[in-house]
Structure formats: C-alpha cells, structure tokens
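Accompanying notes for the structure given below.
Indexing begins at 1, ligand by ligand and atom by atom, following the structure's order.
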Amino acid sequence: MDNLKDKRIILGVSGGIAVYKAVELLRLLTKAGADVHVIMTSAAQEFVTPLTFQTLSSNPVHTELFNLIAEREIGHITLADRADLFIIAPATANVIGKIACGIADDMLTTTVMATKAPLLIAPAMNVNMYTNPVYRENEDRLRRFGHLFVDPVCGSLACGWEGQGKLAAPETIFEAALAVLTPKDLAGRTVMVTAGPTREEIDPVRYISNHSSGKMGYALARAASRRGAHVILVSGPTCLPAPLGAEMVCVESACEMQAAVMSHVSRCDIVIKAAAVADYRPVERNSTKIKKQSETTTIELCKTPDILAELGAMQMRPFLVGFAAETDNLAEHAAKKLKVKNLDMLVANDVSQADAGFNVDNNRALLLFRDGRSTECSLMSKDELAEKILDNIVIEMPATGHLA
Ligand code: CTP
C-alpha cells in the first residue's frame with residue numbers, strides 16, 4: 001500500500017486534550033512512508049511539546065509565523081506549496097471558525113490560507129460547542145468549499161459532558177487521509193464484498209462455524225471504498241469495525257447471506273466472495289437447548305446453498321471473484337473451482353499454513369484467471385493483498401456493464 005509513500009503531508013495541530021491522539025496519527029502516517037511536517041498552535045503546545053512531534057516526524061515543527069532563521073528556506077508559503085495533503089487534527093472550534101472566516105493570524109491558519117492541497121479537518125470540542133449554530137455554519141461553509149471532515153465521535157468528553165465531540169480515532173483519520181490520496185480507479189463502480197464466517201444454529205446456544213476472522217474481506221471493502229467504489233459489505237459475525245463509507249449488511253447464516261447477496265447483486269459491477277460460508281447446516285434447529293444424554297450423538301446436516309455457484313450461473317452477472325480455501329493441491333483444486341463456478345478470477349489460499357490465511361493479519365495467495373493464467377502473491381499483509389487483488393480486477397474487468 002504505497003499511496004502515502006513520499007507524500008508530503010502537513011499535520012496542523014490545534015489546542016485541546018486530543019492533541020495526544022495526533023501523536024499516534026503522526027506515527028501511522030510516517031510508518032506508511034509519508035513525509036510529515038507538523039504545525040502547532042501555541043495552545044497545542046500547552047498539551048504536548050513540539051519535541052514529541054519533531055522526534056516522530058524527523059522534521060522541524062513549525063510554531064512561529066515569523067521565524068528569522070528558517071523563514072528564508074521553509075516559510076509558510078513554501079510549506080503550503082509543497083503539500084499533497086493538509087490535515088488538521090485536532091481542529092478546535094476556534095481554528096475552524098478562523099479558517100471559515102478567512103482569518104490568518106498564526107502559522108497554522110496562514111498556511112491553510114496559502115495552500116492548494118486538499119484539506120482534511122478532524123474537529124474535537126465540547127458537545128455544546130459542536131452543536132452551536134455558529135460552529136455549524138462555519139463547518140457547513142468549509143464543506144461547501146470542498147474541504148473534507150472526519151466527524152468527531154460520541155462518548156464521554158474530557159470536559160465532563162457526554163455527546164459528540166471526541167476526536168475520531170487516529171486510525172479513522174489515517175484511513176480518510178489514505179482515501180484522499182488514493183487514485184479513484186473504481187469510481188462509479190458498485191462492489192459487493194462478502195466477509196467473515198457464517199453461523200449455522202443447532203439450538204439456541206450452539207452453532208457450527210469456522211475460523212474466519214473476516215479480516216481479508218474487510219481489507220478488500222476498505223481498499224475498494226478508498227478507490228472510489230460504492231461498497232456493499234455483506235458480513236457474517238466478526239469483531240471488526242465497519243469500513244468507512246461501506247453499506248453494511250450483517251448476516252448470520254449461509255441462507256441469510258444468500259438472501260442478502262441476491263437482493264443486492266443487480267446493483268453490482270463486481271462481487272468478491274471472501275466469506276467462509278459453511279457448506280452444511282443442521283437439517284433442523286432445535287427450538288430448546290439439546291440436553292446431554294447418550295455418550296455419542298449425531299446431528300443431521302444438509303448442504304447450504306452455494307452462493308458463488310448461483311452467481312456464476314446468472315445470465316447477466318457482475319465480474320465475479322471467488323476465494324478458495326485449500327489445505328492440499330492448491331492450484332489444482334482452485335482451477336477446478338474457477339471453472340465449475342464460472343468465475344472471472346479466483347484467489348486461492350493455502351489455509352494449512354500457520355503464518356497466513358485464517359485469523360492472522362497476513363496472507364499469501366495464488367490468483368487464477370479465466371483464461372488459465374495465474375500469478376503468485378508472496379506473504380504480505382491482508383491490506384496489501386487486497387490492493388493487489390483490486391489492481392488485477394481493474395485490469396481484467398470490462399469497461400462497462402455486466403458480463404453476459
Ligand atoms: N461459497 C459460497 N457458498 C457456499 C460455499 C462457498 O458462496 N455455500 C464461496 C466462498 O465464499 C468462496 C468459494 O465459494 O468464494 C469457495 O469456497 P470454499 O470453501 O473454498 O469451497 P467450496 O466451494 O465450499 O468447496 P470445498 O469446501 O469442497 O473445497
């Protein structure tokens with residue numbers, strides 16, 4: 001995932017208790033390879049010292065509008081001109097008000113005024129300030145100018161109040177920054193991703209499921225959303241946060257997943273079936289808890305609907321990408337699945353390996369295509385693999401419309 005590599009980002013930090021979260025955001029940005037230049041207001045310096053930001057960014061921190069030593073080399077204009085993205089996190093009501101009214105009276109607001117880079121604002125303030133009509137008008141005005149916001153979240157605020165006003169998580173702001181700098185090669189496309197396991201209930205307390213964490217599917221949903229697609233994420237039970245901007249459809253069983261997929265498929269250009277769907281379900285679900293009686297017991301199972309095969313058999317269908325979880329003869333089993341289910345592309349995983357596949361952050365895969373070509377993806381993070389899969393989809397899929 002190289003979209004932030006060597007990108008020059010200005011991180012504007014204004015005063016508020018949430019300044020400590022900007023430190024974590026800086027760490028995420030630099031880890032992704034961005035060249036981050038921090039500007040702090042004088043209020044921000046009351047909470048965290050510039051030295052913390054300087055150490056983590058490996059760049060001098062800008063605090064003064066007129067710095068006699070540095071001004072000739074890195075003045076606010078130079079900084080503003082060279083930026084690919086300008087983030088303000090946390091952004092106080094005061095700073096947002098000043099920007100909305102064209103006031104430029106310190107290093108941060110002056111550089112904002114001078115930049116042509118996209119501006120991403122993450123507000124943090126007391127809930128009554130956040131709902132104040134003056135503040136609301138300032139925010140609306142900046143949105144109308146095309147500036148982007150990462151909304152604060154609800155919770156208990158440092159001031160003692162409960163409500164919306166907490167700075168969004170550093171990971172959320174990072175994801176929004178990544179989205180701004182990602183080329184939109186899936187703009188105008190609707191992508192459905194299925195993710196996670198399914199649960200097939202035996203009785204009110206027991207079910208049949210598998211080890212899928214949903215991480216691969218969620219990484220695909222995040223990546224497709226970043227690339228401009230409208231994403232429908234049909235998810236089995238997972239512990240993962242909903243990807244930014246995705247339309248979530250939560251399901252439990254294979255039958256529920258089938259119903260959800262079929263009701264949305266006509267809107268989709270691409271379907272990626274990363275879910276680990278249970279192949280069998282109990283013929284009957286006991287309405288009460290099954291009591292322990294004999295030494296052994298038998299549960300009668302029947303096949304679940306094969307959702308991917310059903311999609312592959314459609315007359316007019318979206319570009320179809322399946323997954324194959326195998327423990328042996330990976331290439332052979334995968335090639336057969338691609339043909340039998342009539343897919344355009346298949347991502348094959350060897351789930352017998354401890355360092356990849358189910359429930360871990362990394363994966364390696366063999367990508368197979370309809371015409372018999374294949375390409376290997378070595379061990380990498382699921383986020384990186386998601387990008388590789390989408391790169392290949394963008395190359396392989398037809399320019400418009402459904403496939404016949
Ligand atoms: N799949 C599906 N519906 C099912 C079972 C699987 O849509 N009832 C999809 C999965 O989402 C995946 C692909 O089919 O994209 C392959 O799943 P996998 O479990 O590897 O293979 P199966 O087809 O179930 O065959 P087997 O378990 O025999 O390997």
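- Only side-chain heavy atoms of Asp279 come within less than 4.0 Å of ligand 1; its backbone N, CA, C and O stay farther off.
- No more than 12 heavy atoms of other residues, nucleotides or ligands sit less than 6.0 Å from atom CD of Glu137.
- Atom NZ of Lys388 has 12 or fewer heavy atoms from other residues, nucleotides or ligands within 6.0 Å.
- For the salt bridge (Lys or Arg N to Asp or Glu O under 4.0 Å) condition, the pairs that include at least one residue of residues 155-177, sequence neighbours left out, are Glu175-Arg226.
- Protein heavy atom closest to atom 17 (O) of ligand 1, with residue, atom name and distance, is Phe323 O, 3.6 Å.
- Looking at atom 29 (O) of ligand 1, its nearest protein heavy atom turns out to be Lys337 NZ, 2.9 Å.
- At least one heavy atom of Ala324 sits closer than 4.0 Å to an atom of ligand 1.
- For the residue pair Thr109 and Asp106, a side-chain donor N or O sits within less than 3.5 Å of a side-chain acceptor on the partner.
- Atom 19 (O) of ligand 1 is never approached by the protein to below 4.0 angstrom, counting heavy atoms only.
- Contact atoms of ligand 1 toward Thr304: 8 (N) (distance under 4.0 Å to a heavy atom of the residue).
- Of all atoms in ligand 1, listed by their number and element, those nearer than 4.0 Å to a heavy atom of Ala325 are 20 (O).
- Counting atoms of ligand 1 from 1 in the listed order, those under 4.0 Å from a heavy atom of Pro305 are 3 (N), 4 (C), 8 (N).
- Remark: among candidates Asp306, Leu338, Asn210, the nearest residue to atom 2 (C) of ligand 1 is Asp306, based on non-hydrogen atoms.
- Other residues, nucleotides and ligands place no more than 12 heavy atoms under 6.0 Å from the OH atom of Tyr207.
- With a heavy-atom cut-off of 4.0 Å, Lys341 touches ligand 1 through its side chain alone.
- The nearest protein atom to atom 10 (C) of ligand 1, hydrogens excluded, is given as Ala275 O, 3.4 Å; this is a heavy-atom distance.
- In terms of polar-atom proximity, Gly322 is not counted as a contact of ligand 1, lacking any N or O under 3.5 Å from an N or O of the ligand.
- Summarising the geometry of Arg141 relative to Ala100, their closest heavy-atom pair is NE-O, 2.7 Å, with the distance given to 0.1 Å.
- Ligand 1 places these atoms under 4.0 Å from at least one heavy atom of Leu308: 2 (C), 7 (O), 9 (C), 13 (C), 14 (O), 15 (O).
- Some N or O of Lys273 is nearer than 3.5 Å to an N or O of ligand 1, by distance alone.
- Put simply, the side chain of Ser57 gets close to the backbone of Phe53: a donor and an acceptor are under 3.5 Å apart.
- At the shortest separation from atom 3 (N) of ligand 1 among protein heavy atoms lies Ile307 N, 3.1 Å.
- More than 12 non-hydrogen atoms from other residues, nucleotides or ligands lie less than 6.0 angstrom from NZ of Lys184.
- Counted by atom type alone, Asn59 and Asp35 present one or more donor-acceptor pairs between their side chains at under 3.5 Å.
- Geometrically, Arg8 does not engage Phe86 in a cation-pi contact defined by less than 6.0 Å to the ring centre and at most 45° from the axis.
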